[in-house]
Structures are given as C-alpha cells and as structure tokens.
Amino acid sequence: MALDTRTDRRPSFAGVLWRSTVGKKTAMAVSGIVMLLYLVAHMLGNLKIFFGALDFNGYAAWLRTIGEPFLHHEWFLWIVRVVLVVAVVTHAVAAYQLSRRDTAARPTAYSHRRRRASYATRTMRWGGVILGLFIVWHILDLTTLTVNPRAESGHPYENAVASFSTWYSATLYLVAMLALGLHIRHGFWSAAQTLGANRPGLDRPLKGLANGLAALLTLGFIAVPVSVLTGVVS
Amino acid sequence: MKLTLRVWRQRNPDSPGAMATYEVDGISQDMSFLEMLDTLNEELILGGDEPVAFDHDCREGICGACSLVINGDAHGPERTTTCQLHMRSFQDGDTIDVEPWRAAAFPVVKDLVVDRSAFDRVIQSGGYITAPTGAAPEAHATAVPKPVADTAFEHAECIGCGACVAACPNGSAMLFTAAKVVHLNSLPQGAPERESRVLEMVGQMDAEGFGGCTNTGACATACPKGIPLFSIAKMNREFVRAARKRG
Amino acid sequence: MTSYHDYATGEPVADRTAPEGPIAERWDRRRFEAKLVNPANRRKHTVIVVGTGLAGGAAGATLAEQGYHVEQFCYQDSPRRAHSIAAQGGINAAKNYRNDGDSIHRLFYDTVKGGDFRARESNVHRLAQISVEIIDQCVAQGVPFAREYGGLLDTRSFGGVQVSRTFYARGQTGQQLLLGAYQALSRQIAAGNVTLHARTEMLDVIVVDGRARGIVARDLVTGRITTYFADAVVLASGGYGNVFYLSTNAMNSNATAIWRAHRRGAYFANPCFTQIHPTCIPRTGDHQSKLTLMSESLRNDGRIWVPLAKGDTRPPNEIPEDERDYYLERIYPAFGNLVPRDIASRAAKNVCDEGRGVGPGGQGVYLDFADAIGRLGRAGVEEKYGNLFDMYERITAENPYEVPMRIYPAVHYTMGGLWVDYDLQTTVPGLFAIGEANFSDHGANRLGASALMQGLADGYFVLPSTINDYLARHPLDDAVDATHPAAVQVVAETTERLAKLLAVDGDRTPDSFHREIGELMWEYCGMARTDAGLRKALDRIPHIRAEFWRRIKVPGTGEEFNQSLEKANRIVDYLELAELMCLDALHRAESCGGHFREESQTPDGEAARRDEEFGYAAAWEFTGTGEAPVLHKEDLVFEYVHPTQRSYA
C-alpha cells in the first residue's frame, strides 16, 4: 500500500539552508553577527584617535603585524578582509533575493494604507543599501585613500582628520552611522529570532541588548567625526 | 448607524478589480461585521445588483473561513476574527475600507474571497503525525508533561485563516507554518518525523510563493488566536537542527 | 399546493446486518462475518466521501490507509473548516482512568437512557466499546488533550453524568479532534490516495440499478456541474439544524446531501428529533444571522433566574433576591441548574412565554455568577470560565463578572437523519451515512460530549470495517460513466433546478425565505409541539414553497461563484425537509427526549413517553414533493437497558 509519502534525498547542509527562505535568513543572521563583531572591534580601535596621532598610527601599524611571525605581514588583515567580504556579499545577496521574493509575494498592495507602516522592514532595506554604498565610499576614503583629501599612506590619523574636516564626508559618515544604529537595532534582535535564540523571557533582554549595541556603536563611531568637527581632535 | 463602505469588487480571478463605494444605513451596534455585510447584500440583491462575495461559515471565530482586511487591518481593529468583530467598534458616519487578503499565494477568487489552498498543501507536505487508524498504542503509554502539552495546544489553536499572511508586509506564512511545526514537534508522538516535517513544510511554504520573514511581528499582532512570535524562532531552530542532521 | 397531515404505513424496516448474541460480542461477530476485500483489490475500488468533518475526515483518511481510492468532497475552501471544529466541550470515552466506576457498559447504559430509549442497543454498545480506541488514536495523532501534572490525560464530568469520562482540549475539543482527522486526511492527499474536491458541493446521488454509484456536484468557483462515480458513496454531511435558520450550526451547513439521498430512496429516520441547547447567547435583533453556544459547563456554577414579576424591566442588579425566581432550583430541587438540556431549555421557554423573559424581546433568562464569584473569588471563576466570559463580552458588550449573562435556548444538533443499518448503510445499497447525517446512536436526545465520539467512531472504526462487506459482495468490473442514462438524468434534473432558480427573478431574497421557514419551524416544531401547531405548519409550508418558486430572486449566473444560488438551492431542500419534520412530530404523539408534545405530559409537566405505541424508530420513504411519505417502523428491542420514565424532580 502506498503509504510512503517521502523520498530520501540527502542534500548538503549549506544547500538546504540556501535554498529556503529560513536558511537564507540564517545566513543573513550569521553574516550579520560576524560584521557586528568586527564593528565592535573597529569602533574600539577608532577611539584610539583620542590618544593622539602617535597612538593611533601606531595602533594601525600594529594591526598589520598581528599573527607574526606565524602569519606574514598584513596577512591577518587580509584574512579579516576576506571574511568580511564573504559576510557582506552573503548578507547582501540573501537580502536582495529575499526582498525580491517578498515584493513578489504581495503583488497587489492594499488600497487602505496601514497606519503602522512596516517600519523595521523598510529601514532594514534602505538602511542596508545606504550602508553598502557607504562601505564603498569608506574604503575609497580611508583604506585605498582614492578620494581622501590628504591621502598620505601610513598616516591614518591625519587622513581621518582631513576627511572629517570636509562637510560632505562628515555628513555622509553621520548619516551612515545613524542608519547603522537603526540597522543593528532591529537586526540584532532579528538575528536572535532567526537563529531561534529568542524565547519568552528573553525577548526584552534581547531587545534591550540590541538597543544598547546600536546606541554604543553609533555613539562610538560618530564620536570621531564630531570631535574633528568641534576641534577636539585636529 | 450610517456608514460608507469601500469594498473590493472583482468578478473572477482573471478580471481586474476595483474598490466600489456603497452606503448602508440602519446598522445596529450589536450587528457583527458580517451581519452588516449581509444587510448590504440584501439591499444589493433587491436592487438588482450582485451581492458582495465573502467567505464565512461558523461565525463563532473558530472555522477560520472569514478573511477581510478592514481599514488595512486583517480582521479589523479588534484582535479577533472578522465574524466576531461587532459594529460597536465603529462610529456613525465612518468610511470603512474592506479588502481581501492580499498575497500572491492567495489569489482572489471573487470579490473578497481568496484561494487559501496553499495552506492545505503546506499541511499535506508534513503537518501530521503518521499514525494509521488502529495502530495507536494505549493513550497513557506515553506521559506528556503538562507544560509540553500546553505548548502544543497553544500552537494547535491556529485556525488557518491566513491573517498572518495578510498582515505581513512580505506575505509570509511563517507564523502559520511555525504553529503547526511547533505543535507537532513539541510532542513525543511527533518526534520520529521531527526533521522531515520542518524541512518539508518550509520547503512547501517557499514553493507556494509566500514571502520570507523579516521579523516585523505584524503576523502575531494580527493573529486572532494569539499564536506567539516566538513560535517562528522555535521553527527556525528546528529547521537549522534538521538541516544539520539531514545534510 | 396541497398539504398533508396523513400518511401511509408500509412494511417495517429491519436491520438485516445486526448480529445476534450477547451484546458485548456483537461487534466482533459482525466484523468476523463481514466479507473482506483482498488488499490487492482495494486500490481498484473508489469510494466517494461527502464531507470532511470528524466522521468524513476520519473515514476518508482510514479508507485511504486501507488502500482504497477516495474521492472526498467539501463545500468549504478547506477540509479543516467543517463545523465539527466548533464543538467545545469534549469527547466521552469509557476509559475509567478515574477509577470512578465507569465502564463500557455504563457508557452504553447512560447513552441509551439519555436517548430516552429511542436508540438501537447494538449500535450504542458498539459506540461505547469503540470510544476507548478513539482516545488512543487521537493521542497518537498529536491531539493536545488536557493533561495533569503527572503527564496523564485529564478528564471531567460533563452534562450531568456521575462519572468523569469526558476528555477535552480546553474549550476547543472539536477543533483539535478535527485537525487530527484533517491532518491524517492531508497525509493521504499528499500520498495520492485521496483526491480532494474543496469548494465542491454535492447536489444529488446517482443510483444505478438500485445501487448508489456516484454523485453530481457543483464546483462552487466555476459553477461547473460534474458527475463523479465510485463503488460506494458515503455521506458525512452533518445535521440539518439550519432548517431553523437560526441555530448554532455553521452558516453553510445544509441538508442537501441527505435530502437528495432521501429523494433517491434512502429512508429518513426520526426527523423531528432535534436538540435545543439551553445555554446560547440570545438574539439581539432581526439582523441576527446565527446563534452562538456557550458551553454547558457554565451551568455547573451559574444560577439561572428570571424576575418573579412579569414585565420587570429593572436592571438585574437592582432586583432584590426575594423578587427573583430561580426556577430550575425551585422546580427541580434535586438537580437544580444541572437538569438535562431538554428540560432546561423547555423551562426557559415556559418562563419567557409567561412574560418574565429578560433582554431584547423578552427572549432570555439570567445566568448569574454572583454567588460563584462570592464563593470562588473572581480569579477562581476566571480560571474556570475566562475564555467563555471573554467570548460573551465580545459578542454582547456586557461584562458577565458584573452583570448576569443572558442566555436562551437554540437549535444545536439533530438526532434524526438517514436511516442506517448496523453497517451504517442506508436503504439504498452502496449509500452509507455516518456522523450526524445518520440517525443511529443518540435516540431522541444526545448526551453532552457524545457527538464527537460518534462522529469519530463511525469514521475511524465502524464504516471502514463494514464497507468492506458491501464492496466485497459487488463485482469490480461494472464501471458506470457519465453517459449512463441514470447519470444523464440526474445531471439534467440538477441543471434544470438551478436554471429555474435563476430564471424566476422575483422580488424576495433567499435569506428572506430561509428566515420565514425557520421562524415557522421554531414556532411550531421547536421546543414544544402541539397537534394543532404542527397541522398549522403543515398547511403553511406548501404555501411558502409555492411562493418561493414564484418570488425568489437569485442574481448572477450559474457559471460562476454565486453564493446566492448556493443558498437558494439549499432552501429548496429545507422547504421539503421542514414538512417531513412536522409530519414526523405530528405522528409521534408522545414526548421523548428532544421531542416534547404538550399533549403528552405527566401530571407535573414532564415529558411522558408512550413506549407501547411509539417504541420504534420512524423511517420515512419519499414519494414526491408535497406528497405524503410512507412510514416504515423499526421496532426497538431493549434487552439490556429497560425503559424507565426519566425523573429529575
């Protein structure tokens, strides 16, 4: 009797994940957390700017020596960069594919617009795009120095001060960091939910943690351009 | 009460639809929303027009047939089903917008009626425990701790109305699917099919063209049975666990 | 337009399949004597199942598991919405988990007695036996029954029985059991063993050479009329309570499947046996489209009363204690507010008829929790009845913690239905009826928490065993198709009926006729019936029918989704069924169970059964619209439970 209703296929773990919406969200959550951890380190490093050019430039130079002599010079940095690129691409591709899918799932909009717009979803999508564009600018500005007004290799302190002294660069940075805050605010809690870590009793602490992280990172990051603009750092 | 209704009218799945405006008078506060629509329909029929088609059956909030988006909210302003919404939730002179569930996976059949068979196919893909009639062990053979039984019950309360999909900005069916996965996967009886169930059901849910979850929580806010948002987190956990075990 | 009050009596109808011998062995014996179908041959058989409630869903899933191919129909958009889903209270089973003296025999005894000795002993005993297996089956499917802290199943006592044998899942037992059956059915749909036709309504049976061979159904989305053929047809289409317009049934529950089967030769048994549930929320006005049941469990703690004086319009809280009449406690001091459903309902009607009813139209009585709140505290009451209180407040906008609830009886369940033998086969060979659609197990009154038990017993266990015998006795190779003259004729009649409904183009809506026939039935064939009233109704119905065909207005066409056409077509059948119900009520000049004839009362106003004259099930044979049917009696023999007059005083 035909009672068997299932076939036995054995796809790979990654394949199962990537093919489903739930799995793609998992990929987004994991890549998001990787980026978040990086940002915490990045933000803490940035704050070294308040100790002066010597400290800051020294710290930047030290970053290139991590892992030596096991790793070659700058290898650690490149490993981090590769991981970050993978994370960003995974995050962005999954977000793009899911967003397309989400839009297609509601082909006809309601003619009565909701009072409670889907605030989180929209800020995530637009915020994500803003952050993506900002990363490109940020790398061109302070890593490759392509668009940096000073562009003196080996002098990140001076380059940063020069960049943030221009109104457009500072504005861009501030806007991007606000977008980052909003992104993390929903994104961190959302990642916990996606990874199945959320449960009754944990919801409020998780939301509090998300808010705290968002505020901490935003304030930590904007402290630098604000200090430059106000002349605290020069 | 006198009201202005703007109702979605669409002859059949292939024809275009539009909002039509109707005035209804003499509406009592004690009427349910559907009884108000009955009143409109009686007038339409006698006036030689076609009545507004809408799904409804038990009218006591349990069958899950009724499915109207009222002023942009699935099932209207109260947290209940459309059939249990009463006109006392509205003011005399109000203009009320009435639309069908909107989702690619729920195509409009006529007016406010949509095809929700996608939900049935999600259940068919694995939303059951394989227990052919007669094969069951004695009911007390397996004790189920009360908290587990309560969790299962809370998720089994889903009435399959589709409000979660209608409310979700992405037309996602995660809350519906999660409710069934959590109901069956929390019970010892559901354990043998735990992995295949969640994998198959999520796969079918995706295949039906529902959107993904962006954790906005609109589904849980609209759910007339109060299925919690945590159930989605639980299903995600089950899914990754199953993918790991199977992959 | 002729009316009838008289009828002819034909040959008695006999249950040929009922086994002999000690009652506890009969089900085993029948299963052994029944022929089996070779597993290899099963897949060559197709069975049509109409309805996806507890009985239909369970039967479809089980037949498919056995290897048959099942064509399953429901008018809803999904099988999960069948009205079994609305059952609140629970399901009885003689598990005796409480060690409180319950047994299969006691459940059997209670059900026969509760049915006021108008049910067949063999069937009821089988039901009690199977009740035990049902719980096992449902638990295995993942039905989340209430449990105790030790992890074992909880039970409660229900509907005035003295043992605690009712299993429940909060106030949503029907929903959870139905989802269990729906999920089992879904599994078989996925496996290809069941073909589901949702939004498809059966409109007639196709009988070929005396055997049911298929149905005619309408696709409610496209309007297409299609024939479906099978080796047997199972009707699991529920009861006919909606003939009263206002009832606790779903809006679209209807009698068409069983009525059309009756017209094609299936006898209709005890149509006047209807159950009126005492605790429903009263109607608020003419706009009322349906009534909502409040669980009977409320009577465990609530006290029912009306003002002593007629026309007392003071708010309830301003009526002093000595000006209230706690009439159930006064008339039935031993049982008080816990008297059986029919007695509680009738007493409410009586006080309202005296002009002492409360609320809009004086059609209500108070169900007061003030004492219970005083005794248990508000939190205690909330824990027990919180969800019911919330539901009441949502519907009425009154807070029952502060103001007494208002309740009134409403039509709830129909014990009558298609006559079936022990195998659940109707008088048309190959046509089976299960669940509320048949008449078999509840006699003249159904006990609380027994409907779910019967639906699942029929669907999971009885029909899948007994249908084998029929299938095994008939050849495999005599397929019928749509070109068969019998099929062509049924399709033509159906199409013509729908076309006629659309063509009248009169000036009254389907609902207006439904309301009219419903009000007539409630008035004359409701809680209390009289010879004169029933005759009046029998005179009136043919007029309504004639007016219906003259003035009905159905907009739109038949080739599209058309809810007015669906409704109108169901009313056609109500207008005939109502007449049969009144005739059956008129002919049964006794009171029993849900059927109360004012002429047949004991000196203290209780129902008086007349076993000598009416100790039978009345099976009616259709002879034509507006023509008197023929009565066939099935004598009821009571070997194990001896008829006694009920007494609750």
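Letters go in sequence order (proteins before strands), and every chain restarts at 1. Values reported hereafter were calculated over all heavy atoms of this structure, with side chains retained and with hydrogens, waters and symmetry mates removed. Quick caveat, the model's predicted, so the values are computed rather than measured.
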Undergrad: Could you report the tightest heavy-atom contact between C:Asp511 and B:Glu42, atom names first, then the distance?
TA: CB-OE2, 3.5 Å
Undergrad: Using a 4.5 angstrom heavy-atom cutoff, name the option from B:Lys180, B:Arg116, B:His183 with the most pairs to chain C.
TA: B:Arg116
Undergrad: Would the number of heavy atoms belonging to other residues, nucleotides or ligands and lying under 6.0 Å from CG of B:Asp25 be above 12?
TA: yes
Undergrad: If we only count heavy atoms from C-beta on, is the C:Glu560 to B:Asn12 side-chain gap below 4.5 Å?
TA: no
Undergrad: Pairs of donor and acceptor atoms involving the side chains of residues 153-164 of chain B, under 3.5 Å and at least two apart or interchain, shall be tabulated with distances.
TA:
from	atom 1	to	atom 2	distance (Å)
B:His155	ND1	B:Thr151	O	2.9
B:Glu157	OE2	C:Gln172	NE2	2.9

Undergrad: What residue in B:Cys83, B:Ser28, B:Pro145, B:Gly127 has the most heavy-atom pairs under 4.5 Å with chain C?
TA: B:Gly127
Undergrad: Spell out, as yes or no, whether a donor-acceptor pair under 3.5 Å connects the side chain of B:Asp57 to the backbone of C:Asn252.
TA: yes
Undergrad: What part of C:Ser253 gets within 4.5 angstrom of chain B, counting heavy atoms only: side chain, backbone, both, or neither?
TA: backbone
Undergrad: Less than 4.5 Å to any heavy atom of chain C: does that hold for the side chain of B:Ser32, its backbone, both, or neither?
TA: neither
Undergrad: Would you mind telling me which of B:Thr142, B:Val113, B:Asp115 has the largest number of heavy-atom pairs within less than 4.5 Å of chain C?
TA: B:Val113
Undergrad: State, with a plain yes or no, whether a side-chain heavy atom of B:Gln124 is found less than 4.5 Å away from one of C:Gln183.
TA: no
Undergrad: Among C:Ile85, C:Ile395, C:Asp507, which has the most heavy-atom pairs under 4.5 Å with chain B?
TA: C:Ile395
Undergrad: Any side-chain heavy-atom pair from B:Glu60 and C:Met391 closer than 4.5 angstrom?
TA: no
Undergrad: Measuring only between side-chain heavy atoms, which start at C-beta, is B:His56 closer than 4.5 Å to C:Lys290?
TA: no
Undergrad: Shortest non-hydrogen contact from C:Thr396 to B:Arg88?
TA: C-NH2, 3.7 Å
Undergrad: For the pair B:Asp55 and C:Arg81, find out whether any cationic side-chain nitrogen is under 4.0 Å from an anionic carboxylate oxygen.
TA: no
Undergrad: Where the side chain of B:His140 meets the backbone of C:Leu152, is there a donor-acceptor pair that is under 3.5 Å apart?
TA: no
Undergrad: Atom CE of C:Met251 and atom SG of B:Cys66: how far apart are they, to the nearest 0.5 Å?
TA: 11.5 Å
Undergrad: Using only atom types and a distance under 3.5 Å, with no angle test, would you say the side chain of C:Asp136 pairs donor to acceptor with the backbone of B:Ala139?
TA: yes
Undergrad: Using side-chain heavy atoms (C-beta onward) and a distance below 4.5 Å, is C:Leu185 in contact with B:Tyr128?
TA: no
Undergrad: Could you have a look at B:Arg121, B:Arg11, B:Gln189, B:His86 and say which one has the most heavy-atom pairs with chain C under 4.5 angstrom?
TA: B:His86
Undergrad: If you look at every heavy atom in B:Pro51 and C:Pro555, which pair is closest and at what distance?
TA: CD-CG, 3.5 Å
Undergrad: Decide yes or no for C:Thr509 and B:Leu46: does some side-chain heavy atom of the first lie under 4.5 Å from some side-chain heavy atom of the second?
TA: yes
Undergrad: Is it the backbone or the side chain of C:Leu291 that comes under 4.5 Å from a heavy atom of chain B, or both, or neither?
TA: backbone
Undergrad: Does a side-chain heavy-atom distance below 4.5 Å link C:Ser78 with B:Ser117?
TA: no
Undergrad: Under the criterion side-chain contact (heavy atoms from CB on, under 4.5 Å), I'd like the reasoning laid out for B:Asp38 against C:His287: C-alpha separation, chi angles, the key distance, then a yes or no.
TA: CA-CA 8 Å; B:Asp38 289 343; C:His287 57 261; over 6 Å; no
Undergrad: Measure C:Ala198 against the heavy atoms of chain B and call it side chain, backbone, both or neither at under 4.5 Å.
TA: neither
Undergrad: Can you tell which part of C:Leu179 gets under 4.5 Å to a heavy atom of chain B, answering side chain, backbone, both or neither?
TA: side chain
Undergrad: Where is the tightest heavy-atom contact between C:Gly142 and B:Leu187, given as atom of each residue plus distance?
TA: O-CD1, 3.4 Å
Undergrad: Do any pairs count as a side-chain hydrogen bond (donor to acceptor under 3.5 Å, both in side chains) and have a residue in residues 138-149 of chain C, sequence neighbours left out, and if so which ones?
TA: C:Arg98-C:Glu148, C:Gln141-C:Tyr460
Undergrad: Tell me, side chain or backbone of B:Val52 under 4.5 Å from chain C's heavy atoms, or both, or neither?
TA: backbone
Undergrad: With heavy-atom distances below 4.5 Å as the criterion, would you say the side chains of C:Phe145 and B:Val144 are in contact?
TA: no
Undergrad: For C:Gln563 versus B:Phe54, what's the shortest heavy-atom pair and its separation?
TA: NE2-O, 2.9 Å
Undergrad: For the interface with chain B, which of C:Phe461, C:Tyr182, C:Phe561, C:Tyr97 has the highest count of heavy-atom pairs at distances below 4.5 Å?
TA: C:Tyr97
Undergrad: Heavy-atom cut-off 4.5 Å, strictly under: side chain, backbone, both or neither for B:Val148 against chain C?
TA: neither
Undergrad: Would you tell me whether B:Arg59 and C:Ser289 have side-chain atoms, one donor and one acceptor, within less than 3.5 Å of each other?
TA: yes
Undergrad: Is chain C contacted by the side chain of B:Ala135, its backbone, both, or neither, given a heavy-atom distance below 4.5 Å?
TA: backbone
Undergrad: Give a yes or no on whether the backbone of B:Gly134 and the side-chain of C:Glu133 come within a donor-acceptor separation of less than 3.5 Å.
TA: no
Undergrad: Who among B:Ala53, B:Gly48, B:Pro147, B:Pro13 has the most heavy-atom pairs with chain C under 4.5 Å?
TA: B:Ala53
Undergrad: Tell me, for C:Gln88 versus chain B, whether the close heavy atoms (under 4.5 Å) come from the side chain, the backbone, both or neither.
TA: side chain
Undergrad: Considering only heavy atoms and a distance below 4.5 Å, find which of B:Ile123, B:Ile62, B:Asp49, B:Asp30 pairs most often with chain C.
TA: B:Ile62
Undergrad: Given the rule in the side-chain contact (heavy atoms from CB on, under 4.5 Å) test, do B:Cys58 and C:His83 qualify, once you have shown the distances and angles that lead to the verdict?
TA: CA-CA 7 Å; B:Cys58 79; C:His83 198 56; 3.8 Å; yes
